[in-house]
Amino acid sequence: MSIRKRKLQRGILIIEICGICIAALFMPHLSANAAENTENIRALYEEYNARFAAVEDREDITEYGFETVDVHIFPVQYEIDRQKEMETELVRQIKAEPDADIKDLKMSLEAPLLMIPAYDRTYNRLALFFVDGEGRIVYKTDRFETNSCVLGQMRQPEQELVSVAFQDLNGDTLTDIILITSCEIGDGEKYRIGDVLFQSTKGIDTEGLIFYRDYRISDKINRFGMNQNTDSITAFVRDGYSTEFLYTAVTLQELLAHGFQIITEQCYTRTFGKLGKLQVVPGTYRIADYDVFMIYLVNEQDDILSALQPMGVYDNLYALKGINCRDIDGDGLKDIVVLAKYSYEDEEHQLAVKSDYSIYYQRTGGFSADTEIKDTYQCTEEDTMQTVVETARAYWGWKTEDDTNIDR
């Protein structure tokens with residue numbers, strides 16, 4: 001089989017395992033709404049678009065069915081240096097008046113524009129409205145990746161705008177905007193979606209405001225897991241760092257050439273049935289201040305046969321507790337169990353650390369991530385690898401005493 005074909009097959013497998021493809025995450029929703037025909041969707045879009053187009057003043061936002069996200073309303077300066085000065089002044093005021101209302105402090109800052117995020121109440125679609133000092137809408141847009149979570153239907157999942165950042169991402173000294181939303185995908189799980197708006201120099205020439213969005217950048221941000229925080233998005237768009245190679249590399253040497261760091265104390269060789277002897281290679285790639293954790297299964301020819309992403313939607317690998325290779329589901333094939341600590345931003349937007357595990361079952365030609373045991377058992381901070389393995393094997397009805405099933 002050619003390297004190109006192997007790369008394509010691995011790419012498909014990685015997307016299935018990691019859950020990076022947004023469309024795949026929402027496939028149940030797509031099926032449930034298949035009855036919505038094209039004509040009906042067109043009519044719904046025309047109705048929504050008419051309301052969106054009718055918003056010309058600040059008071060029109062709520063009148064035409066949009067609910068503002070007050071916590072993320074922010075004054076905006078055209079130039080990034082002035083924007084940063086304004087943000088610094090806001091921080092100074094917050095420290096000087098800790099009991100003051102942050103919204104009032106933001107509104108007291110002088111700026112030519114006010115950015116008002118809002119969600120359409122009917123369809124859960126995000127829109128940004130930029131308002132001048134007289135309350136007129138000078139620019140608005142709803143062209144965001146988050147509005148296409150579920151393709152082929154108007155209504156999107158319940159969403160939350162979790163982060164907004166202002167940066168100069170393309171070196172033109174103008175203020176660009178980073179947005180991260182969190183979408184409900186069922187069973188209490190959420191998926192983050194990142195987007196970037198670049199300010200155009202044409203707006204300066206016409207004394208107006210123009211933003212544009214490069215869908216190719218948004219695609220890479222979300223397809224390759226750089227959507228968890230604004231620092232990672234900035235590192236990718238502004239500084240050129242990217243996690244893309246983690247999902248497209250063909251050989252171990254290719255990973256190392258791009259800066260992948262192997263966790264040597266957990267790197268070893270095991271025999272996986274018909275797959276033969278494979279090297280289990282865990283490691284990290286650092287982007288911004290976050291370590292992206294991946295595990296690769298590499299054959300004796302240095303080719304990558306499988307890539308696993310146990311970190312899931314967490315931000316950062318805090319500590320790897322262990323990797324265990326043994327038969328978990330009793331089919332005679334060696335599976336993989338991973339136990340680690342990860343850091344992430346909690347519901348209160350504070351840094352949190354949590355222990356979690358992942359199980360990958362060996363199947364013909366690759367590995368499949370567990371979706372059953374995780375629904376019934378959540379590990380605790382006190383759990384060891386032995387506890388997780390015994391719990392998992394007991395779930396499938398197999399004894400665990402004196403049964404290591406490790407082939408070195």
Side-chain angles (χ1 to χ4, degrees), residues 55 57-63 66-121 124-142 144 146 158-169 174-184 190 192-197 199 209 211 227-234 288-290 315 343-352:
V55 179
D57 298 287
R58 183 172 181 175
E59 58 267 22
D60 292 339
I61 297 175
T62 54
E63 181 180 342
F66 292 88
E67 183 173 347
T68 60
V69 185
D70 292 348
V71 69
H72 288 301
I73 294 177
F74 209 95
V76 179
Q77 298 280 359
Y78 289 105
E79 297 177 358
I80 191 63
D81 288 342
R82 297 179 65 190
Q83 181 73 26
K84 295 304 180 184
E85 289 175 2
M86 187 173 61
E87 293 176 11
T88 301
E89 173 61 20
L90 176 61
V91 172
R92 188 195 67 78
Q93 292 185 18
I94 292 174
K95 289 181 178 179
E97 304 176 60
D99 296 329
D101 189 295
I102 296 179
K103 180 182 177 182
D104 292 339
L105 293 179
K106 287 195 295 185
M107 295 305 101
S108 67
L109 298 175
E110 293 186 6
L113 296 172
L114 198 63
M115 184 192 77
I116 303 179
Y119 276 101
D120 177 59
R121 296 191 191 98
N124 299 326
R125 303 177 75 87
L126 175 65
L128 280 189
F129 299 96
F130 292 86
V131 183
D132 65 15
E134 298 179 0
R136 295 175 301 183
I137 305 295
V138 297
Y139 183 80
K140 57 187 174 182
T141 182
D142 63 346
F144 298 113
T146 190
E158 289 294 326
Q159 300 184 25
E160 176 191 6
L161 182 58
V162 297
S163 185
V164 177
F166 301 92
Q167 297 283 353
D168 174 16
L169 295 172
L174 300 180
T175 300
D176 306 316
I177 301 174
I178 300 172
L179 303 170
I180 297 180
T181 59
S182 177
C183 298
E184 298 280 354
K190 296 182 178 180
R192 290 197 171 186
I193 299 177
D195 232 324
V196 173
L197 288 178
Q199 186 181 166
L209 183 70
F211 282 96
N227 52 16
Q228 294 300 302
N229 51 76
T230 58
D231 290 336
S232 294
I233 293 176
T234 300
D289 293 323
Y290 303 93
D315 288 339
S343 60
Y344 65 101
E345 186 180 274
D346 63 17
E347 295 293 334
E348 284 73 40
H349 306 295
Q350 301 295 319
L351 180 65

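Since the structure is predicted, the reported quantities are computational estimates derived from the model, not experimental observations.
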Which pair of non-hydrogen atoms, one from T175 and one from Q199, has the smallest distance, and what is that distance?
O-NE2, 3.0 Å

Might you point out which heavy atoms bring F130 and V76 nearest each other, and give the distance in Å?
CE2-CG2, 4.4 Å

Sequence-distant partners of I94, side chain to side chain contact (heavy atoms under 4.5 Å, CB included), two or more places apart:
L90, I102, L105

Any donor-acceptor pair under 3.5 Å linking the side chain of E160 with the backbone of S182?
no

For the side chain of D346 and the backbone of A352, is there at least one donor-acceptor N/O pair under 3.5 Å apart?
no

Side chain proximity check, T146 to L179, heavy atoms < 4.5 angstrom
no

Mark yes when over 12 heavy atoms from residues, nucleotides or ligands other than E110 sit less than 6.0 Å from its CD; otherwise mark no.
no

By salt bridge (charged side-chain N to carboxylate O under 4.0 Å, His left out), D57 pairs with (sequence neighbours left out) none

Of the non-hydrogen atoms in L114 and P75, which two are nearest, and what is the gap between them?
CD1-N, 3.7 Å

Rounded distance (nearest 0.5 Å) linking atom CD1 of I193 with atom CD of Q228
11.0 Å

Evaluate R58 against E134 for side chain to side chain contact (heavy atoms under 4.5 Å, CB included), listing each step before the verdict.
CA-CA 9 Å; R58 183 172 181 175; E134 298 179 0; over 6 Å; no

Are any side-chain N or O atoms of Y290 and backbone N or O atoms of S232, one a donor and one an acceptor, separated by less than 3.5 Å?
no

So how far is it from R125 CZ to D142 CG, rounded to the nearest 0.5 Å?
6.5 Å

Mark yes or no for whether K140, through its side chain, and V55, through its backbone, hold a donor-acceptor pair below 3.5 Å.
yes

Within a strict 4.5 Å, meaning less than it, do heavy atoms of the T181 and D195 side chains meet?
no

For Q77 and A111, which heavy atoms make the closest approach, and how far apart are they?
NE2-CA, 3.7 Å

Please check if the side chain of H72 supplies one atom and the backbone of P117 the other of a donor-acceptor pair under 3.5 Å.
no

So F166 and I177, side chain to side chain contact (heavy atoms under 4.5 Å, CB included) or not? Walk me through it.
CA-CA 5 Å; F166 301 92; I177 301 174; 3.9 Å; yes

Less than 4.5 Å apart, side chain to side chain, heavy atoms only: is that true for I137 and D60?
no

Not counting sequence neighbours, list each pair that qualifies as a side chain to side chain donor-acceptor pair (under 3.5 Å) and has a residue in residues 93-102.
E89-Q93

Identify the two heavy atoms, one from R192 and one from N227, that lie closest to each other, and give their separation to 0.1 Å.
O-ND2, 2.9 Å

Ignoring hydrogens, what is the shortest heavy-atom contact between I180 and T230? Give both atom names and the distance.
CD1-N, 3.5 Å

Distance (rounded to the nearest 0.5 Å) between Y119 OH and L161 CG
5.0 Å

Rounding to 0.5 Å, atoms OG1 (T141) and CG (L197) come to a distance of 6.0 Å

Could you tell me the separation between the CG atom of D231 and the CD1 atom of I178, rounded to the nearest 0.5 Å?
8.5 Å

Sub-4.5 Å side-chain heavy-atom contact between L128 and I116
no

Validation row: E87, L109 side chains within 4.5 angstrom (heavy atoms)
no

Could you walk me through whether I80 and K84 satisfy the side chain to side chain contact (heavy atoms under 4.5 Å, CB included) test, starting with their C-alpha distance in whole Å, then the side-chain angles of each, then the deciding distance to 0.1 Å, before giving a yes or no?
CA-CA 6 Å; I80 191 63; K84 295 304 180 184; 3.9 Å; yes

Does the Q159 side chain pair with the main chain of N124, one donor and one acceptor, at a distance under 3.5 Å?
yes

Minimum side-chain heavy-atom gap V164-F74 below 4.5 Å
no

What orientation do F129 and F66 show, parallel under 30°, tilted 30 to 60°, or perpendicular over 60°?
perpendicular

